[in-house]
Enquirer: 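Quick one: this structure, given as structure tokens, is what I'll be asking you about.
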Number of protein chains: 2
Amino acid sequence: MSPSPNDQALVAIPEPTLKRLPYYYKSIQGQREAGREFVSCTTLAEALGLNPIQVRKDLQATGAVGRPKVGYHVSTTLDAIEECMGYHNTKDIFLVGAGHLGQALLAYPGFSEFGFNLVAAFDVDPTKMETEFAGKPILDASRLSDLVRRMHVQIAILAVPATAAQAVTDTLVRAGIRAIWNFTPTRLAVPKGVLVQDENLLASLSVLSKQLESSRAKSHKESIHGEPEEL
Amino acid sequence: MSPSPNDQALVAIPEPTLKRLPYYYKSIQGQREAGREFVSCTTLAEALGLNPIQVRKDLQATGAVGRPKVGYHVSTTLDAIEECMGYHNTKDIFLVGAGHLGQALLAYPGFSEFGFNLVAAFDVDPTKMETEFAGKPILDASRLSDLVRRMHVQIAILAVPATAAQAVTDTLVRAGIRAIWNFTPTRLAVPKGVLVQDENLLASLSVLSKQLESSRAKSHKESIHGEPEEL
DNA sequence: GTTGAGTCGATAAGTTTTTATCGATATGGA
DNA sequence: TCCATATCGATAAAAACTTATCGACTCAAC
């Protein structure tokens, strides 16, 4: 099949790039507020501690175009990122599990900036039900399925105990959810077509700690062998 | 430099592998509790929705050895992962920023399982200072630097507002911190030798939402062009 | 003008990570 | 005992991602 001209949006952007785009967005916003009209890869890379070439490739993926010797037009590029990431069209989200983590997410003010609307939370705890937190209603989990269906909510945040993770997932999937942001340490089984983004906090911390250990061992070894550390 | 025989621990394990190890650990633990003595890559992969070959490679990286036709010995393999990830030796951690997210982390009970000890939190809010949350003390942020130094704490969790992120980081670095688990949407500038693990929640959510959009566009296109979806 | 330096865009090389292939080994049943 | 099968380990191929190279373009200074 030969790709048609407007296939750009369908050419999948690499996930590492997608993860960096919000950083570019924020940084360029800062430049705009500072009154700058253009920004170069070099500048961006410097500010974010990244490789300039990588920045250029990432921006290319959004469709943004730059001018030699000048850089990227701030507003145009912001638009390109917004368009690419879909910050414009609002997406409703349900939160399942209103424990400590869930409440932290409920209180988080930044969702709207990226086009998200955290509509409501669901929990099985009777003392929490039909209350509000940070202006968002906490509803009875038994209503979850029905409301997902009726409101056509596509994205859910899973912040329940690990033991309930798969069961809740099954409910969500049956109700027609399309994407799950998974804060439990469980790997969820979902049918093809349902997306899962894992946010395993303990795993991340473990990685950090392991890398710390390795770097220590390495520098120790280097000092023994008399090899200088890189600059 | 020719690698010496016991360099295995120094051969860096790929980060993607490190991120998967906690899942293997948890899954194998489950197998142990179910009374099984051996577990195969195939089984593990099935349970976690991964590629069996990948599982085998990952386990190899930990030093675990399996037996053909039998699989990996559950207890031995768990030990290998524990040893590899350093779950045994306890690591003290400071939390900086006791807002909603910080409190959620304070209340999180799972740290100790992986060898972490969240010692204390720090905040600038006078109403929070010298109080406790989930049994952990919340201290005056002005004492942070001194305590990092005196207690030789190497890992810090950064859960402060974005505006304060770099300043707090600088303080931590000067006090001798070695690794930062960064929950702010800021990319931190740190000197070489200091590790940063970014946990940009909005970025993750954005990625999920973008992928959702793409997959929708793709399946729509497929249906137009009459191409069958894969099974 | 002309020159020089900074930057983009495209292509290519390099690295890392994932997936595949294949022989070797252990188990259980004929 | 011998064979079929499941699984490991090692090596190789493929894919994804990052980094490098180079020509072209634009602005600014001379």
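Protein chains get the first letters and strands the later ones, always in sequence-line order, with residue 1 at the start of each.
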Enquirer: Excluding sequence neighbours, so at least two apart, what forms ring-ring contact (aromatic ring centres under 6.0 Å, His included) with A:Tyr23?
Expert: none
Enquirer: Could you label the plane-to-plane angle of the A:Phe114 and A:Tyr25 rings as parallel, tilted or perpendicular, counting under 30° as parallel and over 60° as perpendicular?
Expert: perpendicular
Enquirer: With sequence neighbours left out, write down each residue that passes side-chain hydrogen bond (donor to acceptor under 3.5 Å, both in side chains) with B:His88, or none if nothing qualifies.
Expert: B:Glu82
Enquirer: Could you note down all residue pairs passing ring-ring contact (aromatic ring centres under 6.0 Å, His included) where residues 46-72 of chain A supplies at least one of them, sequence neighbours left out?
Expert: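 Pairs touching residues 46-72 of chain A that pass the test: none.
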Enquirer: Reckon A:Asn51 has a side-chain N or O less than 4.0 Å from the OP1 or OP2 of D:dT19?
Expert: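 Affirmative; the distance criterion is met.
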Enquirer: Who are the ring-ring contact (aromatic ring centres under 6.0 Å, His included) partners of B:Tyr108, not counting sequence neighbours?
Expert: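 Once residues adjacent in sequence are excluded, the partners of B:Tyr108 under the ring-ring contact (aromatic ring centres under 6.0 Å, His included) criterion are B:Phe111.
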Enquirer: Hydrogens and angles aside, do B:Thr90 and B:Asn117 bring a side-chain donor and acceptor to less than 3.5 Å of each other?
Expert: no
Enquirer: Just jot down the side-chain hydrogen bond (donor to acceptor under 3.5 Å, both in side chains) partners of B:Thr186, sequence neighbours excluded, or say none.
Expert: none
Enquirer: Of all of residues 67-79 of chain B, which get a heavy atom below 4.0 angstrom from DNA chain C, listed by number?
Expert: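 Hits under 4.0 Å, by residue number: B:Arg67, B:Pro68, B:Lys69, B:Val70.
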Enquirer: Tell me every residue that passes ring-ring contact (aromatic ring centres under 6.0 Å, His included) with A:Tyr24, counting only those two or more places apart in sequence or in another chain.
Expert: none
Enquirer: Under 4.0 Å from any heavy atom of chain A: name the first and the last nucleotide of DNA chain C that qualifies, 5' to 3'.
Expert: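 Listing 5' to 3', DNA chain C meets chain A from C:dA5 to C:dA10.
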Enquirer: Describe the nucleic acid contact of A:Thr42 in one word from base, sugar-phosphate, nothing, applying a heavy-atom distance below 4.0 Å.
Expert: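 The answer is sugar-phosphate, as A:Thr42 gets under 4.0 Å only of primed atoms, P, OP1 or OP2.
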Enquirer: Heavy-atom contacts under 4.0 Å between residues 31-41 of chain A and DNA chain C, which residues?
Expert: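 The answer is A:Ser40, A:Cys41.
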Enquirer: A:Phe116: which residues meet the ring-ring contact (aromatic ring centres under 6.0 Å, His included) condition with it, sequence neighbours left out?
Expert: none
Enquirer: More than 12 heavy atoms of other residues, nucleotides or ligands under 6.0 Å from CD of A:Glu113: is that the case?
Expert: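 Enclosed: over 12 neighbouring heavy atoms sit under 6.0 Å from CD of A:Glu113.
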Enquirer: I'd like to check the side chain to side chain contact (heavy atoms under 4.5 Å, CB included) partners of A:Glu37; sequence neighbours left out, ordered by chain and number.
Expert: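 A:Glu37 satisfies side chain to side chain contact (heavy atoms under 4.5 Å, CB included) with A:His73 once adjacent residues are dropped.
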Enquirer: Mind listing the residues from residues 54-63 of chain B sitting with a heavy atom below 4.0 Å of DNA chain D? Number order is fine.
Expert: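 Going residue by residue through residues 54-63 of chain B, the ones with a heavy atom under 4.0 Å of DNA chain D turn out to be B:Arg56, B:Gln60.
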